Amino acid sequence: MKPIKLIMSAFGPYADKVEIDFSVFDKKGLFLISGDTGAGKTTLFDAICFACYGKASSERRDTRSLRSEYAKDSTESYVDFYFSHQGKNYHVYRTPQYERRKLRGEGMVAAKEKAILYLEGESPIEGIKEVSGAIEELLHIDVNQFKQVAMITQGEFWNLLNAKTDERTAILRTIFMTSGYKNIEYKLKERVDRAFGSFKDSGKSIVQYFNGAKA
């Protein structure tokens with residue numbers, strides 16, 4: 001996944017609309033989101049993770065608390081995330097569930113979570129579970145794996161380093177797309193097993209003939 005643009009509205013500490021253009025790093029290879037404590041790194045990761053999977057980047061944060069407490073009642077909370085993956089462009093729009101005061105009269109009104117995924121050359125996918133499932137199928141990693149490989153500032157990368165060998169291998173194989181080499185390994189092992197089995201059968205046959213021979 002390569003981020004292109006991130007738009008946040010009434011999200012986290014931002015009361016209004018904020019747009020971050022990642023396309024300026026398009027030809028610079030890898031780039032790092034860094035900064036002092038409180039600079040806003042977590043908000044960016046929260047927004048990207050929420051847009052893709054409907055969850056914050058940390059289990060300690062509830063998605064219902066993602067709406068900015070400084071936002072006006074008339075300002076809608078949402079995340080609009082543009083990214084590319086394997087040569088195709090994608091665009092996911094998601095709003096969190098939250099409550100705000102009614103614009104007219106007394107009381108509160110509840111805004112429900114909704115999500116839309118726009119795929120290049122295809123029909124949009126709508127629905128909370130549908131979009132999250134489509135993102136997982138597209139990236140071949142679930143939300144926990146995504147946080148382990150992307151959310152370094154959250155300490156999740158440490159969890160990847162300390163994960164069980166099988167789990168860590170599966171994540172790294174997905175990231176670096178080495179499944180093809182794993183398939184070659186399986187095929188070579190099958191050939192070795194068949195050859196070794198044939199060798200053992202031949203050995204048993206030879207021993208049987210020798211035991212049946214008489215001087």
Side-chain angles (χ1 to χ4, degrees), residues 1-4 25-33 45 48-60 81-92 94 115 117-215:
M1 171 196 285
K2 180 186 294 184
I4 298 176
F25 305 108
D26 187 40
K27 298 182 179 180
K28 298 182 182 296
L30 296 175
F31 62 90
L32 175 67
I33 298 176
F45 291 133
I48 294 174
C49 191
F50 173 72
C52 293
Y53 294 98
K55 294 185 178 181
S57 63
S58 174
E59 296 296 335
R60 295 186 295 271
F81 181 47
Y82 296 76
F83 65 95
S84 64
H85 182 67
Q86 296 183 350
K88 291 186 176 182
N89 293 323
Y90 300 88
H91 165 206
V92 58
R94 194 186 296 260
L117 174 62
Y118 299 92
L119 303 87
E120 185 177 354
E122 300 181 31
S123 300
I125 297 175
E126 298 187 37
I128 300 171
K129 294 182 179 179
E130 289 78 5
V131 170
S132 299
I135 291 290
E136 184 172 332
E137 183 178 354
L138 174 67
L139 302 180
H140 297 293
I141 52 177
D142 59 26
V143 61
N144 294 321
Q145 293 169 330
F146 180 80
K147 291 188 291 185
Q148 284 179 318
V149 300
M151 310 301 161
I152 299 178
T153 56
Q154 308 305 316
E156 300 289 353
F157 192 71
W158 180 255
N159 295 335
L160 171 62
L161 297 179
N162 289 274
K164 294 181 180 180
T165 301
D166 292 343
E167 181 182 356
R168 184 168 62 250
T169 300
I171 295 173
L172 294 177
R173 182 181 298 124
T174 299
I175 296 173
F176 297 106
M177 295 182 290
T178 59
S179 298
Y181 299 105
K182 187 65 177 179
N183 294 334
I184 293 175
E185 178 185 344
Y186 284 139
K187 291 184 180 297
L188 291 175
K189 186 178 184 302
E190 289 176 358
R191 293 178 62 179
V192 169
D193 290 342
R194 287 198 303 268
F196 187 67
S198 179
F199 167 75
K200 290 178 66 176
D201 291 339
S202 298
K204 291 179 181 179
S205 179
I206 292 172
V207 171
Q208 183 179 3
Y209 278 110
F210 267 106
N211 291 336
K214 294 182 180 179

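Note that the coordinates shown come from a computational prediction; the quantities given were computed from them, not determined experimentally.
- Residue C49 comes nearest to A56 through the heavy atom pair SG-O, 3.8 Å, listed as atom of the first residue, atom of the second, then distance.
- Here the options are I125, L117, L119, I48, the test is side-chain contact (heavy atoms from CB on, under 4.5 Å), and the partner is V92; only L117 passes.
- Residues E120 and N89 approach most closely at OE1-N, 2.8 Å, considering heavy atoms.
- Note that the CD1 atom of I135 and the CG atom of D142 stand 13.0 Å from one another [nearest 0.5 Å].
- No side-chain donor-acceptor contact under 3.5 Å links S205 to the backbone of D201.
- Contact annotation: the side chain of K204 never approaches that of F199 to less than 4.5 Å [non-hydrogen atoms, C-beta and beyond].
- Between Y118 and Y90, a ring centre-to-centre spacing not shorter than 6.0 Å is recorded.
- Without hydrogens or angle criteria, E136 side chain to I141 main chain gives no donor-acceptor distance under 3.5 Å.
- A donor-acceptor distance shorter than 3.5 angstrom exists from the side chain of R94 to the backbone of A51, with no hydrogens or angles considered.
- Both tests pass for K182 against the ring of Y186: distance under 6.0 Å to the centre and angle within 45° of the axis.
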So L138 and H85, side-chain contact (heavy atoms from CB on, under 4.5 Å) or not? Walk me through it. CA-CA 8 Å; L138 174 67; H85 182 67; 3.8 Å; yes

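- Closest approach of S132 to G54, counting heavy atoms only: OG-N, 4.3 Å.
- Annotation: E122, atom CD; neighbour count of heavy atoms from other residues, nucleotides and ligands within 6.0 Å is above 12.
- Remark: K189 engages D193 in a side chain to side chain donor-acceptor pair (under 3.5 Å) (not counting sequence neighbours).
- For K187, there are no salt bridge (charged side-chain N to carboxylate O under 4.0 Å, His left out) partners, not counting sequence neighbours.
- Distance CE/M1 to OG/S84: 9.0 Å, rounded to 0.5 Å.
- A donor-acceptor pair under 3.5 Å is absent between the side-chain atoms of S198 and the main chain of R194, judged by distance alone.
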Please evaluate residues R191 and F196 with respect to the criterion side-chain contact (heavy atoms from CB on, under 4.5 Å), reporting the C-alpha separation (whole Å), side-chain torsions for both, the decisive distance (0.1 Å), and the verdict. CA-CA 8 Å; R191 293 178 62 179; F196 187 67; over 6 Å; no

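- Ring orientation note: the planes of F146 and Y53 are tilted relative to one another, at an angle of 30° to 60°.
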